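Keep in mind that the numbers below use all heavy atoms, side chains included, and drop hydrogens, waters and symmetry copies. Being a predicted model, the structure only gives us computed values, none of them experimental.
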Amino acid sequence: MKITLEALNKHFGKVKAVDDLDLVVENGELVALLGPSGCGKTTTLLMIAGIYKPSSGRIRFDEQVVNRLLPKERNIGMVFQSYALYPHMSTFDNITYPLKLKKVRRGEMKERAQKAADMMGIGELLDRKPAQLSGGQQQRVALARALVKEPAILLFDEPLSNLDAKLRLRMRGEIKRLQEDLGVTAVYVTHDQVEAMTMASRIAVMNYGVLQTYGAPNQLYDHPDTLFVAGFIGAPPMNFLETRFEERDNGFYLRSQALEIRIPDERGVLAKQNDAPQQVIMGIRPEDITIVAEPEGDFRAEVYLIEPLGREDLVTFRFGDEEIRALAPAPFGGRIGERMFLKLAKEKLHLFNPETEVSSFKER
Amino acid sequence: MRGQLAPYVFLSPTLVLVTLFFFIPLIMVFILSFTSLDMTNFGILEWWRPVNWNLDNYVKIFTNRFFSRILGNTIMYVALTLALFNVGMALVIALITTHIKRRTGFAFRVLWFLPRITPVVVYTMMWRALAGPAPMGVLNKYFLGPLGIGGGEYLLNTHPWVFIFLVNGFIGASFGMILFSSAIEAIPKDYTTASKVDGATTWQTIRYVELPMIKWPLLFVTTYQTLSLLTSFEQIMLLTDGGPGLYQTEVWALTAYHRALTSYFGNTQWGYGAAWSVVLVIIGIVMAVIYLRVFKFGELVEEPKIDQL
C-alpha cells in the first residue's frame, strides 16, 4: 500500500512536533524516518498508525484519505522499542491477540499463529510469558504479532534499540529480508543512521519536526542537501571547515588561514550559480582525505590523536586552530605530534551556505 | 555485629507499635472471649486463669435467634458496598478519569476525594440531615417532594440500607479510585498503543490489557476494603444504630460493639463481645486467604525460564 503524507502538521500546545511534512512511501518500499530524539519522527509514525490525529494535512493509504480512520480500521502492524508484549499473556496469546479481536476462528488462529511464530523462529516458545523470554526472543514475538494479521503496512518504532550490538546486526538483516519477502510497505523510525542506511530504500531525515531531505541512502551520503544531513549521516562524521570561496585566474578556490584548494571548475560554476557567499562551510568526509608525500599534499597538519577501528585508523589532525579527521589504512604509521601532508579528494568536497545551511552544490 | 543489629533498630518502632496495639490486644481479646467477664463480675472473676475458660460465649453466638439476620446483614453490607462502590464505582471513576483530559480527570478525582478529609461524624451527620423528614430534610424538600415521590418520611426509617450503602460507598470509592487511577496511569503508553494498533476498541483495550495489568491494586483494594468493611460499624451506628427495626441493619462488628461496650442495665458483656470479635477476625483471615488464591498469587512468583540471550 502506498502511503502519502500531504502538508501534515501536528502541534502539541505551542510545540510543532511535525511541521508541514510531505512524504510519499511507495508500495512495498521500506522508508526510514531518521533524526535525533524529539525530531518528530515517532509523532509522524503514530499519525500513520492513527494514534494521533493530525492537526492539519492529509494522510492517504493508496488513494483513500485515512485521517479519520481508527487504528483498528487501518490494517497496520507495529513493532515497538519496548516490544510492548502484554506481560500477562503467553506468547501464543500475544501473537493471536489481533486475531482474537477480529473474531477469527480458533482453528485458523492456531494455524496462523504457528505460521508466524515459525517464520520468526519462536515456534517452541508459544507457552511462555514475555518475562520468560530474552530481549531478542521478545522482539521476534512482537514481530510475529505484527505480522500475524497480514497487515498492509508495517510500522517500526526503533525496534532494535534495546538489543545488544550483535543481536541488533542480525535482527536488522532479518527484518529487511522479511520485509522484502513479504513485499509489505514499511516505515521504520530510527535515530541510528547506520540502521537507516542499511535497511531503507529511501531515508527521510527530520529535525525539529521539519523534513530535511528525502532520498536514497547513497544519494544522501554522497550529495547531502543540507548541513544537518551532511553532519548527521556518516560515521565518523563529516569534517567541516570555515573557508572563503573565491573566483580568480579563471579558477575557483577555497581558502582559509592554513590552506588553499582549487576546486573542479564545474563545481565552482555550480556553486556560483547557487549564489554561494564569500564565507562558506566546506565539508569533507574522513575517508576522502589521504596522507601523501609532500609534493601532492594540499596542506600540512600535525597528528593529534589516533583511534584504531580495526580495518582503519581514525586519525585526528590539527592545523592552525582547526581540526580534521581522516581515515587511514591500518596500521597508521605516524606518531602523535608528527607533521604530515594531507590531500583532499576535490570532487568529494561539499560546500554549504552558513546562513541557509543549504548545499551550494545542490542541482536545481 | 552492628550490621546484624541495624535492621532490627529500624524495624523496632513498627514492631513496638504493632505489638502493643495489635498483638497484645488480640491475645487479650482471644482469652477474654472464653470468659464470662462483664461489668457485674469485673474485679471478681480471675479471667486470666484457664479454669475460668469455656466455650459458652461461642455457643451463645451460634444459637442466638438473631444470628442469621446479623450474618445476612453483614454479608449483604460487605458484598454490596464492595461490589457497587468500593471496587466497582472506584474502578469506573478511575477508568473514566484516566481516559478523558488529564486535567479534568484530576480535578474530578480531587473533588471526589474531599469527603475523606471530613471527620466521619460530621460526614455522617450531613447524610442524616439529607435524609431528614419533610420540611427539614434536603432530599425530601427539594427533590422527592417536588417530584411527588414518597410521603416525606424520615428516609433512614424507610430505606435504611440505601443510605448505609451510599454513606459507606461514596467515601469508600475514593480509596480505590486513587489507587486504580494511579495504577492505570502508570501503564506504559506503548501497551495501549499496541492494543489499539492490534485492532482493539477502547473497551477491549481496557478489558484485555489495562484491567489485567492492574490486577495487584485490584486485589489489594478488594482485600483491604473487605477487611475494613467487615470491621467498620461507626457509620451504621451513627446512621441507624442497627435499627430502625429489630436488628434490621445490625452487622457483625456493630453487634460486637453493642455486646461489649454498650451499657444497658449495667450489663456490659466484655467476654461475650470479645467472642463476636474473634469470630470476625477469623472470617477476615479466611477471606484474605481466599482472595490470594483466587488472584493466583503463585503465578506471579514463577521461576524465570530464560535460557538464551
Q: What option among A/Lys100, A/Glu73, A/His88 has the most heavy-atom pairs under 4.5 Å with chain B?
A: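 Ranked by contacts with chain B, first place is A/His88.
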
Q: B/Tyr77 and B/Asn168: side-chain donor and acceptor closer than 3.5 Å?
A: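 Yes, a side-chain donor-acceptor pair sits under 3.5 Å.
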
Q: Contact part of B/Thr192 toward chain A, heavy-atom cut-off under 4.5 Å: side chain, backbone, both or neither?
A: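 Contact with chain A is absent: no heavy atom of B/Thr192 under 4.5 Å.
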
Q: Side chain, backbone, both or neither: which part of A/Lys149 has a non-hydrogen atom closer than 4.5 Å to chain B?
A: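 For A/Lys149, side-chain heavy atoms alone lie under 4.5 Å from chain B.
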
Q: Let's test your reading of the structure: which of A/Ala49, A/Ala142, A/Pro87, A/Pro151 forms the most heavy-atom pairs below 4.5 Å with chain B?
A: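 Winner by heavy-atom pair count: A/Pro87.
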
Q: Which answer fits A/Ile51, side chain, backbone, both or neither, if we ask what part of it has an atom under 4.5 Å from a heavy atom of chain B?
A: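 For A/Ile51, side-chain heavy atoms alone lie under 4.5 Å from chain B.
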
Q: Here's one to test your reading of the geometry: is the NZ or CZ of B/Arg116 within 45 degrees of the ring axis of B/Tyr123 and under 6.0 Å from its centre?
A: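 No, B/Arg116 does not sit over the ring of B/Tyr123.
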
Q: Output the option from A/Ala84, A/Ala146, A/Gly50 having the highest count of non-hydrogen pairs under 4.5 Å with chain B.
A: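 It is A/Ala84.
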
Q: Can you tell me if A/Thr190 uses its side chain to pair, donor with acceptor, with the backbone of A/Ala196 under 3.5 Å?
A: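 No, A/Thr190 side chain to A/Ala196 backbone: no donor-acceptor pair under 3.5 Å.
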
Q: Any salt bridge between A/Arg177 and A/Asp181, counting N to O under 4.0 Å?
A: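 Counted as a salt bridge, because a side-chain N and a carboxylate O are separated by less than 4.0 Å.
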
Q: Taking OH in A/Tyr208 as the centre, count heavy atoms belonging to other residues, nucleotides or ligands within less than 6.0 Å. Is the count above 12?
A: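 Open: at most 12 neighbouring heavy atoms sit under 6.0 Å from OH of A/Tyr208.
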
Q: Is A/Leu46 in contact with chain B via its backbone, its side chain, both, or neither, using a 4.5 Å heavy-atom distance?
A: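 For A/Leu46, side-chain heavy atoms alone lie under 4.5 Å from chain B.
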
Q: Do the side-chain N and O atoms of A/Gln179 and A/Tyr188 include a donor-acceptor pair separated by under 3.5 angstrom?
A: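 Result is no, nothing qualifies.
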
